[in-house]
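The structure displayed is predicted, hence computed values, not measured ones.
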Amino acid sequence: MTTRVFDLMEEEIRNIVSQRAAFEEKYGKHAGAMLVHAPSLFRLFVRVTFDLELPSHARHLAGATAVYVSEPQDFLGRLGVEGYIDDLWLSYAALSRLVEAVGEQKLLKHWRSEHALSDVVSLALNVNVLEEVVPSRVLTLMQSYIGGAAS
C-alpha cells in the first residue's frame, strides 16, 4: 500500500507543530495555540475539496488553501517553522470563510481531530491577531489569493 501525498503533507505539518516552542517564541502563545490545529485544518481542506455536495466556490477555496499550505515555495518562502506563519494565517482565514459559506455543521463531517471544530472556529474568528506578525506585503498577497479562490 502506498502512502498518499496528503498523508505525507499532514505528517510534515505535524513536524512543524512539534517545533511549537520556537514558533511561540517568535509569534506568541496565541499563534502557538493556533498552530496545534494545523494538521487537522489541512486534512479538512483536502476533504472539503472533494466533497461534491458542497458549493464549488467552497471547494475551490479549500483546494487553493491546501495547495498553498503544501507548496514549499509560497509568498513567504520556507524559513523553518517560522516560515509557516503565512500558511497558518491563510488556514484560519479560509476556515472562517468556509464556515460563512457552508456552515459549521457541513464541515463537521470532514473534521478529524480530538479538538472540537467549534473551538478551532473560535480561533479563526480571531485570525486578525496574526496579521501583526505576517509581513504586510505577504498579507496583501494572501488576501488577494484567498479573495480569488473564494469567488
Side-chain angles (χ1 to χ4, degrees), residues 4-17 19-20 22-24 26-28 30-104 106-113 115 117 119-151:
R4 294 179 34 197
V5 69
F6 301 123
D7 295 333
L8 293 173
M9 189 60 223
E10 189 174 353
E11 185 59 33
E12 184 176 322
I13 295 169
R14 288 187 193 289
N15 289 335
I16 292 167
V17 172
Q19 300 172 52
R20 179 180 175 181
F23 193 79
E24 282 183 356
K26 176 134 180 133
Y27 300 118
H30 191 73
M34 294 174 95
L35 181 65
V36 169
H37 306 291
S40 298
L41 283 171
F42 176 76
R43 182 59 66 179
L44 174 77
F45 297 134
V46 170
R47 291 176 58 88
V48 166
T49 300
F50 297 103
D51 184 344
L52 297 178
E53 294 177 4
L54 295 177
S56 64
H57 67 278
R59 292 184 289 117
H60 291 163
L61 174 59
T65 303
V67 166
Y68 186 91
V69 169
S70 62
E71 177 58 42
Q73 295 303 318
D74 56 28
F75 296 140
L76 186 59
R78 288 286 191 239
L79 309 167
V81 68
E82 294 174 2
Y84 197 74
I85 191 68
D86 58 326
D87 303 69
L88 193 62
W89 179 90
L90 183 64
S91 295
Y92 280 94
L95 176 61
S96 184
R97 286 186 177 210
L98 284 172
V99 168
E100 287 176 21
V102 301
E104 192 174 324
K106 289 188 179 178
L107 296 176
L108 267 175
K109 76 177 186 176
H110 299 295
W111 186 244
R112 303 290 183 264
S113 175
H115 300 102
L117 178 59
D119 293 343
V120 180
V121 169
S122 295
L123 290 172
L125 296 176
N126 295 315
V127 71
N128 60 334
V129 301
L130 296 180
E131 292 176 5
E132 299 171 7
V133 292
V134 176
S136 60
R137 175 189 63 80
V138 173
L139 185 59
T140 300
L141 289 169
M142 286 191 311
Q143 288 168 333
S144 176
Y145 181 80
I146 199 170
S151 18

Hey, does [Y] have a side-chain heavy atom less than 4.5 Å from the side chain of [X]?
| X | Y | answer |
| --- | --- | --- |
| I13 | M9 | yes |
| H30 | N126 | yes |
| L44 | L95 | yes |
| L61 | F45 | no |
| R47 | W111 | no |

Does [X] reach the main-chain N or O of [Y] with its side chain, forming a donor-acceptor pair under 3.5 Å?
| X | Y | value |
| --- | --- | --- |
| Y92 | M34 | yes |
| S70 | A66 | yes |
| Y68 | Y145 | no |
| S96 | A93 | no |

Is there any salt bridge (Lys or Arg N to Asp or Glu O under 4.0 Å) pair reaching into residues 120-133, and which pairs are they, with sequence neighbours excluded?
none

To the nearest 0.5 Å, what is the distance between [atom1] ([X]) and [atom2] ([Y])?
| X | Y | atom1 | atom2 | result |
| --- | --- | --- | --- | --- |
| R59 | T49 | CZ | OG1 | 9.0 Å |
| D87 | I16 | CG | CD1 | 7.0 Å |
| S91 | L123 | OG | CG | 12.5 Å |
| L141 | L90 | CG | CG | 11.5 Å |

Tightest non-hydrogen contact, residues S40 and R112, listed as OG-O, 3.4 Å

Partners passing salt bridge (charged side-chain N to carboxylate O under 4.0 Å, His left out) against E100 (at least two apart in sequence or in another chain)
none

Please test K106 against D51 for salt bridge (charged side-chain N to carboxylate O under 4.0 Å, His left out), starting from the C-alpha separation and ending with a verdict.
CA-CA 10 Å; K106 289 188 179 178; D51 184 344; over 6 Å; no

Should the ring pair H115 and H37 be called parallel, tilted or perpendicular, given that the plane angle runs from 0 to 90° and is split at 30 and 60?
perpendicular

Are the aromatic ring centres of Y84 and F23 under 6.0 angstrom apart?
no

Could you tell me whether D7 and R43 have a side-chain N and a carboxylate O separated by less than 4.0 Å?
yes

I'd like to know if R4 pairs up with E10 as an ion pair, taking the criterion as any Lys NZ or Arg NE/NH1/NH2 lying under 4.0 Å from an Asp or Glu carboxylate oxygen.
no

